[in-house]
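Just so we're on the same page: letters track the sequence lines, and every chain starts at 1.
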Amino acid sequence: MEISSASPKKKNFIYEIIDDDLQTNKWKGDVHTRFPPEPNGYLHIGHAKSIFLNYGISEDFHGKFNLRFDDTNPSKEEQEYVDSIIEDVKWLGADFEKRIFFASDYFDQMYQLAVELIKKGKAYVCDLNGDEIRSSRGTLTEPGKESPFRNRSIEENLNLFQRMRTGEFRDGEKTLRAKIDMASPNINLRDPIMYRIVHEEHQRQGKKWCIYPTYDWAHGLEDSIEKITHSICTLEFENHRPLYDWFLNELGMHHPQQIEFARLNLNYTVMSKRKLLQLVKDNYVDDWDDPRMPTISGLRRRGYTSEALKDFTESIGVAKRDAMTDISLLEFSIRNDLNKRAQRAMAVLRPLKIVITNYPEDQVEELEAVNNPEDASMGKRVLPFSREIFIEQTDFMENPPKGFHRLIPGGEVRLRYAYIIRCDEAIKNETGEVVELYCSFYPDTKSGTGTSTKKVKGTIHWVSASQAVSVEVRLYERLFTIENPASDENWLSFLNPNSVEIITGALVEPSLSKAKIGEHIQFERNGYFCVDSKYAINERLVFNRTVTLKDSWRPKK
RNA sequence: UGCCGGGUCGUCUAAUGGUAGGACAACGCCCUUUGGAGGCGUCUGCGGAGGUUCGAAUCCUCCCUCGGCAGCCA
């Protein structure tokens, strides 16, 4: 636990801004942030960065944090997304207490404020259609043309706007626009649209409305109504800030400060909701929570912990420069976390049978194994050992490269927690494939006895044949084969065909038969795994590989 | 040809006129009954050119370069 000080330590440029505001008493000591997702998809790790940033600020400065759904577009939003977002935000540990809000609950208020703007002569109803508005907006280098409806009387605007609301017009027939400056070098200020007509049922408001506010009009109002002090968003809204400020200034309302930071980009994946939706809809992945997805739900199912996600977002920092973060930083965070909390177990992914020829036929020994060498309080367990065991196929090589420390013909290796064995004979099938090993063991080399005079380079994991439990294991690789798939319009062609490998004949030690859904376990020498929540049928266990162990072994030439 | 915002090790990020540092990655070595973990070490960076200054990543000028913006999406 850290000692909280009046002025939290400087973490990034946003903390500096807030520090200054506190110094100058700009907000009378208040710090109030929010996370404002649109419920049009599942949250991803980029959202986690924003959530931890906003929630972290509220914690560090003893302020408040709101969860607010920016549900202003009924054609894209669904209740399923609202539910998943609430679950994910809670799972991340961002405590919004009772402060969960919906922009749609402010629609009446927003409507009244729009009327107010019309009365000030700062907004007008425009009859131009979409094409006409676009063509009259001008270009990046040329000013736009003023709408012929720009100078309607206040009375006419009031009347028309009211009739827009009551459903007298068809979709797209009219809009309400702010009257700002069609020649502004900032295109967002060229009489932006505040309301559009959409005859569509809203997931929370039903058929109450057929006009819906646009982001630019709505967002500042939402922040203002909730008395947000620091409205933190991503860089692409930088050009919208003058408009955010314009609306709030004209209305003379509480005026939060918008601050932009660079969104998270991770290599070898995509982060836009549109692309993630396409992966789901077109069945390139199983669902939003597919363990290969960068979604919060996907990462959770994959075995990531919220603590690791938080640690990751803190380690990458917050700044204004566009960045492409290497996935290895994320992997470091999860390994670091799981190393401390995951119980160890023996699991053989691709079994190779060994018969220990000098071990008694019917004998079963119980060997003691530590559950976590990092944490003695996690205790010990018992492993059965017998004449027939399985080891990893990759732990035996007939013609090993230099530096190979595992089993080779005539070579010796230690079986973790058990004995040192020697490989006497490799049995092959008709195609020359090694299918079984005959080995002998040295009785005085039992782990923990200290009676062994032998030294071996390698220690390998194993499971006892008769007690092992058969499970399914899913190994995941990066979803895309290139670092930045989003930069290519043929991004789907870079999907990794080997992003998941399903192994049905893996064998694990018997203690794992009691493993619970979501439990994190390290398969020694293999990686961190997590009991899957979806694929398991009946008694069958399915393990997702969260991440491999760091592997410093490189065959020398 | 417009406006806005950026450019510091391979990656991410500090330094706020005073020794360019950390983390990840990589590579060595040590240790190890997980080729895990841990320990030690090495490597590599201020986009460029001028200027101000005793002193510049930091201030000024110019250049180069990258990103965003022309939805009735957010």
Under 4.0 Å, heavy atoms only, any strand: does Y212(A) hit a base, just the sugar-phosphate, or nothing? nothing
Could you check whether the rings of W553(A) and H405(A) sit parallel, tilted or perpendicular, using 30° and 60° as the cut-offs? tilted
Using whole Å, report how far CH2 of W553(A) lies from P of G28(B). 12 Å
Starting at CG of L43(A) and ending at C1' of A74(B), how long is that distance when rounded to a whole Å? 14 Å
Might you confirm whether atom CD of E489(A) has over 12 heavy atoms from other residues, nucleotides or ligands at distances under 6.0 Å? no
How are the rings of Y111(A) and Y195(A) set to each other: parallel, tilted or perpendicular (split at 30° and 60°)? perpendicular
Shortest side-chain distance from R344(A), nucleotide among A37(B), C69(B), U34(B): U34(B)
Respond yes when some side-chain nitrogen or oxygen of R321(A) is under 4.0 Å from OP1 or OP2 of G67(B), and no when none is. no
Length of the line joining M378(A):CE and A37(B):C1', which is rounded to integer Å: 14 Å
Applying a 4.0 Å non-hydrogen cut-off, can you work out what T214(A) is touching in the nucleic acid: base, sugar-phosphate, or nothing? sugar-phosphate
Under 4.0 Å between any heavy atoms, over every strand shown, what does Y215(A) touch: base, sugar-phosphate, or nothing? Just pick one. base
Sugar-phosphate only, base, or nothing, as touched by I133(A) at under 4.0 Å among non-hydrogen atoms: base
Give L235(A) one of three labels, base, sugar-phosphate or nothing, depending on what nucleic acid heavy atoms sit under 4.0 Å from its own. nothing
Could you give the distance separating G47(B) and C66(B) at their P atoms, to the nearest angstrom? 15 Å
Could you state the NZ-C1' distance from K11(A) to U13(B), rounded to the nearest angstrom? 15 Å
G35(B) base / R406(A) side chain donor-acceptor hit below 3.5 Å: yes
Complement of C62(B), any strand, by Watson-Crick or G-U distances under 3.5 angstrom: G48(B)
Looking only at the side chain of T325(A) (C-beta and beyond, no hydrogens), which of the listed nucleotides C12(B), C24(B), A14(B) gets closest? C12(B)
Per A323(A) side chain, nearest of listed nucleotides G2(B), A15(B), C12(B): C12(B)
Without decimals, in angstroms, what is the distance between N239(A) CG and G71(B) P? 14 Å
May I ask you to say what E374(A) touches in the nucleic acid, namely base, sugar-phosphate or nothing, with a heavy-atom cut-off under 4.0 Å? base
Any strand: nucleotide that pairs with G2(B) via Watson-Crick or wobble, under 3.5 Å: C69(B)
Using OP1 and OP2 only, check whether a side-chain N or O of S315(A) sits under 4.0 Å from U13(B). no
May I ask you to say what V318(A) touches in the nucleic acid, namely base, sugar-phosphate or nothing, with a heavy-atom cut-off under 4.0 Å? sugar-phosphate
Scan N129(A) against the nucleic acid and name what it touches under 4.0 Å (heavy atoms): base, sugar-phosphate only, or nothing. base
Parallel, tilted or perpendicular: ring planes of H202(A) versus F107(A), cut at 30 and 60 degrees: perpendicular
Taking the P atom of each, how far is C69(B) from A15(B), in whole Å? 29 Å
Interatomic distance at P, G41(B) relative to G21(B), whole Å: 15 Å
Name the nucleic acid region contacted by F69(A), choosing base, sugar-phosphate or nothing; use a 4.0 angstrom heavy-atom cut-off, strictly under. nothing
Would you please say whether a donor-acceptor pair under 3.5 Å links the side chains of N526(A) and E392(A)? yes
Base, sugar-phosphate, or nothing for Q522(A), non-hydrogen atoms under 4.0 angstrom? base
Minimum-distance nucleotide to N339(A) side chain [options: A37(B), G35(B), A74(B)]: A37(B)
In whole angstrom, give the distance that lies between atom CG of D19(A) and atom C1' of U16(B). 14 Å
Verdict with supporting geometry, F529(A) and F543(A), ring pair (Phe, Tyr, Trp, His ring centres under 6.0 Å): CA-CA 6 Å; F529(A) 292 74; F543(A) 289 91; 7.0 Å; no
More 5' along RNA chain B: D70(A) or E524(A), using each one's nearest nucleotide? E524(A)
Which word best sums up how the rings of H240(A) and F237(A) line up, parallel for under 30°, tilted for 30 to 60°, or perpendicular for over 60°? perpendicular
Considering only heavy atoms and no angle criterion, is a donor-acceptor pair shorter than 3.5 Å present between the side chain of E236(A) and the base of G5(B)? no
Pairwise P distance, C59(B) and G5(B) [rounded to whole Å]: 15 Å
Within the structure shown, what part of the strands sits under 4.0 Å from T141(A) by heavy-atom distance: base, sugar-phosphate, or nothing? base
Distance between P atoms of G2(B) and C12(B) (Å, rounded): 29 Å
Rounded to the Å, how far apart are R177(A) CZ and G71(B) P? 12 Å
Complementary nucleotide of A56(B), counting Watson-Crick and G-U pairs under 3.5 Å: none
Would you compute the distance between atom CZ of R34(A) and atom CG of N66(A) and round it to the nearest 0.5 angstrom? 9.5 Å
Touch check for S328(A), heavy atoms < 4.0 angstrom, all strands: base, sugar-phosphate only, or nothing? sugar-phosphate
Rounded C1' spacing from C31(B) to G38(B) in Å: 8 Å
Closest to the H240(A) side chain, choosing from C12(B), U13(B), A74(B): A74(B)
Given 3.5 Å as the limit, does a donor-acceptor pair link the side chain of H520(A) with the main chain of G303(A), or not? yes
Once you round it to whole Å, what is the distance between P of A74(B) and CD of E238(A)? 20 Å
Output yes when at least one side-chain N/O atom of S552(A) is less than 4.0 Å from OP1 or OP2 of G36(B), else no. yes
If you compare every side-chain N and O of R335(A) against the phosphate oxygens of G36(B) (OP1, OP2), does one of them come in below 4.0 Å? no
Can you find a donor-acceptor N/O pair under 3.5 angstrom joining the side chain of E142(A) to the base of U1(B)? no
Ignoring backbone atoms, test whether R137(A) places a side-chain nitrogen or oxygen under 4.0 Å from the OP1 or OP2 oxygen of C72(B). yes
In Watson-Crick or G-U wobble terms, with both distances under 3.5 Å, the base opposite G28(B) is C40(B)
If you count the non-hydrogen atoms of other residues, nucleotides and ligands that lie under 6.0 Å from NZ in K275(A), is the total more than 12? yes
Considering Watson-Crick and G-U wobble pairs with both distances under 3.5 Å, what does A23(B) pair with? U11(B)
Contact class for I327(A) (heavy atom, under 4.0 Å): base, sugar-phosphate, or nothing? nothing
Please compare K550(A) and N186(A) by the position of their nearest nucleotide in RNA chain B and report the one closer to 5'. N186(A)
Across the strands shown, which category fits K174(A) at heavy-atom distances under 4.0 angstrom: base, sugar-phosphate, nothing? nothing
Verify stack between H405(A) ring and G35(B) base, 5.5 Å, 30 degrees: yes
When you measure from the side-chain N and O atoms of R196(A) to the phosphate of G71(B), is any distance below 4.0 Å, counting only OP1 and OP2? no
Which nucleotide in the list G67(B), U34(B), C69(B) gets nearest to the side chain of T459(A)? U34(B)
Which way is the base of G71(B) turned, syn or anti, if we draw the line at 90° from 0? syn
